[in-house]
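First comes the structure, then the notes that go with it.
Order of appearance sets the numbers: ligands from 1, and atoms from 1 within every ligand. It should be emphasised that the depicted structure is a prediction, and the values quoted were computed from it without experimental measurement.
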Amino acid sequence: VKNIAVLTSGGDAPGMNAAIRAVVRTGIYHKLNVFGVMYGYRGMIQDDIVPMDSKSVANIIQRGGTILKTARSKEFFTPEGRKKAYENLKKRGVDGLVVIGGDGSFKGAHVFSQEFGIPCIGLPGTIDKDISGTDFTIGFDTAANTAISAIDKIRDTADAHDRLFIVEVMGRDAGYIALYSGLATGAEHIMVPERPSDIENIVAALQDNERRKKLVNIIVVAEGCPHGSATEMAEVVRREIPSFDTRVCILGHIQRGGSPSCMDRIIASRLGYAAVKALLEGKYQSHMAGVINNEVRYTPFEQAIKTTEQIGEEWFGLYRILAS
Ligand code: F6P
């Protein structure tokens with residue numbers, strides 16, 4: 001490889017900048033030309049591609065968002081779109097691509113790499129932690145910490161008023177932000193899409209808490225819960241236990257921003273380096289670099305996008321005992 005390109009795609013995640021910096025600096029160290037593709041696949045199609053140097057990634061390791069911007073491109077999912085994108089890479093002699101994003105971005109990278117034979121390495125950049133082949137995704141730790149500090153604040157006001165709060169966190173179809181932030185803040189109940197929530201049981205447990213004069217309760221609900229959003233859950237609680245003073249708080253996009261945590265900066269740096277190393281060694285075309293048991297591992301895109309991981313019962317047993 002002589003010329004590589006890097007892009008961020010899909011929802012941004014804290015730590016993406018640290019990953020871009022690692023890719024650019026590792027590439028330059030190995031005397032590669034490095035290009036930054038603006039706005040993900042959309043910029044690849046529209047020829048929005050800029051040369052990167054060491055200075056262009058200075059002072060970004062601590063910044064949230066992505067200096068390369070991001071987008072979700074429908075056109076890249078058409079053969080015509082991908083052809084245009086390929087032509088734009090070809091005219092610069094790009095012979096290796098690093099895609100920082102989530103499952104949608106990896107699907108695109110996989111097809112692209114198969115079609116045009118361009119080696120593509122993915123880095124898991126999403127707050128949702130919904131990717132296989134890595135213990136953590138870049139951005140998850142920061143987002144979970146943001147949710148934790150928000151829920152801690154909510155508990156202060158809940159405590160002052162003896163209130164029940166239902167807090168909705170992000171995660172699309174995954175419940176990890178809810179699980180981690182709920183466990184770390186001592187939430188009385190956690191609802192995730194991966195497991196059916198027994199609403200009747202939750203209501204019964206809340207009624208029991210009321211009898212025990214435990215009036216401050218927090219329920220953390222993952223946005224993707226098929227058994228009810230935070231607002232729907234609040235309706236149930238208001239109907240079944242009208243004596244509770246119930247409030248809803250939807251944390252939303254604040255979970256996507258902010259300075260990345262130590263952990264996100266470290267995995268982003270390790271994986272950015274690992275992506276360029278794989279391209280230099282001509283290995284792992286169409287793979288994602290992840291961290292498993294604190295070691296860098298490469299997983300084919302098809303496997304990385306299959307979220308086979310389940311949230312085990314022991315997690316739920318644990319928080320129920322600790323919150324009782
Ligand atoms: O995938 C990251 C994520 O923040 C999800 O948790 C959420 O469902 C989605 O993106 C929100 O997307 P948008 O920013 O396009 O509203």
Side-chain angles (χ1 to χ4, degrees), residues 7-20 38-43 63-77 99-109 122-134 136-151 166-182 184 190-194 220-233 248-261 263-264 267-268 271 288 290 301 304-307 309 311:
L7 61 84
T8 49
S9 160
D12 62 308
M16 280 184 163
N17 280 327
I20 296 166
M38 303 301 295
Y39 296 99
Y41 295 127
R42 189 175 92 196
R63 281 169 55 194
T66 158
I67 59 160
L68 293 178
K69 310 273 187 165
T70 186
R72 294 189 170 105
S73 167
K74 288 208 179 89
E75 206 186 339
F76 195 72
F77 285 86
V99 172
I100 308 167
D103 55 353
S105 314
F106 293 166
K107 274 179 203 151
L123 301 185
T126 165
I127 64 165
D128 301 338
K129 203 175 99 63
D130 57 350
I131 302 283
S132 301
T134 191
F136 290 95
T137 54
I138 299 165
F140 169 75
D141 185 60
T142 309
N145 276 299
T146 300
I148 287 168
S149 65
I151 298 168
I166 304 178
V167 184
E168 185 173 299
V169 297
M170 275 190 169
R172 201 182 292 274
D173 303 319
Y176 287 101
I177 298 177
L179 183 70
Y180 276 57
S181 64
I190 302 171
M191 295 168 66
V192 297
E194 289 85 350
V220 178
V221 183
E223 64 174 349
C225 262
H227 3 277
S229 65
T231 314
E232 284 160 356
M233 189 60 195
V248 172
C249 180
I250 297 170
L251 297 187
H253 285 80
I254 62 160
Q255 295 160 97
R256 283 247 295 268
S259 180
S261 66
M263 179 158 151
D264 281 333
I267 59 166
L271 295 181
M288 180 199 77
F301 280 136
I305 56 184
K306 273 190 211 135
T307 39
E309 207 184 320
I311 301 180

Note: ligand 1 atoms sitting under 4.0 Å from heavy atoms of Gly171 are 6 (O)
What protein heavy atom is closest to atom 9 (C) of ligand 1, reported as residue, atom name and distance in Å? Arg172 NH2, 3.6 Å
Looking only at protein heavy atoms, identify the closest one to atom 15 (O) of ligand 1 and say how far it is in Å. Arg72 NH1, 2.6 Å
I need the nearest protein heavy-atom contact for atom 2 (C) of ligand 1: residue, atom name and distance, please. Asp128 OD2, 3.3 Å
Aromatic rings Tyr180 and Phe140: how do their planes relate, parallel, tilted or perpendicular, breaks at 30° and 60°? perpendicular
Between atom CE of Met16 and atom CD1 of Ile100, what is the distance when rounded to the nearest 0.5 Å? 7.0 Å
Would you check the N or O atoms of Ile127, main chain and side chain alike, for any that come under 3.5 Å of an N or O of ligand 1? no
Is it the case that the side chains of Asp141 and Ser261 hold a donor-acceptor pair, with the cut-off being a distance below 3.5 Å and no angle test? yes
Would you mind listing which atoms of ligand 1 come within a distance below 4.0 Å of any non-hydrogen atom of Glu223? 5 (C), 6 (O), 7 (C), 8 (O)
With sequence neighbours left out, write down each residue that passes salt bridge (Lys or Arg N to Asp or Glu O under 4.0 Å) with Asp12, or none if nothing qualifies. Arg256
May I ask you to check if Lys107 and Phe301 form a cation-pi contact, with NZ or CZ under 6.0 angstrom from the six-membered ring centre and within 45° of the axis? no
Quick test: of every protein heavy atom, which one is nearest to atom 16 (O) of ligand 1, and how far off is it to 0.1 Å? His253 NE2, 3.3 Å
With sequence neighbours excluded, what pairs up with Glu75 under the side chain to side chain donor-acceptor pair (under 3.5 Å) test? Lys84
Students should be able to answer this: which protein heavy-atom is nearest to atom 3 (C) of ligand 1, and at what distance? Arg256 NH1, 3.5 Å
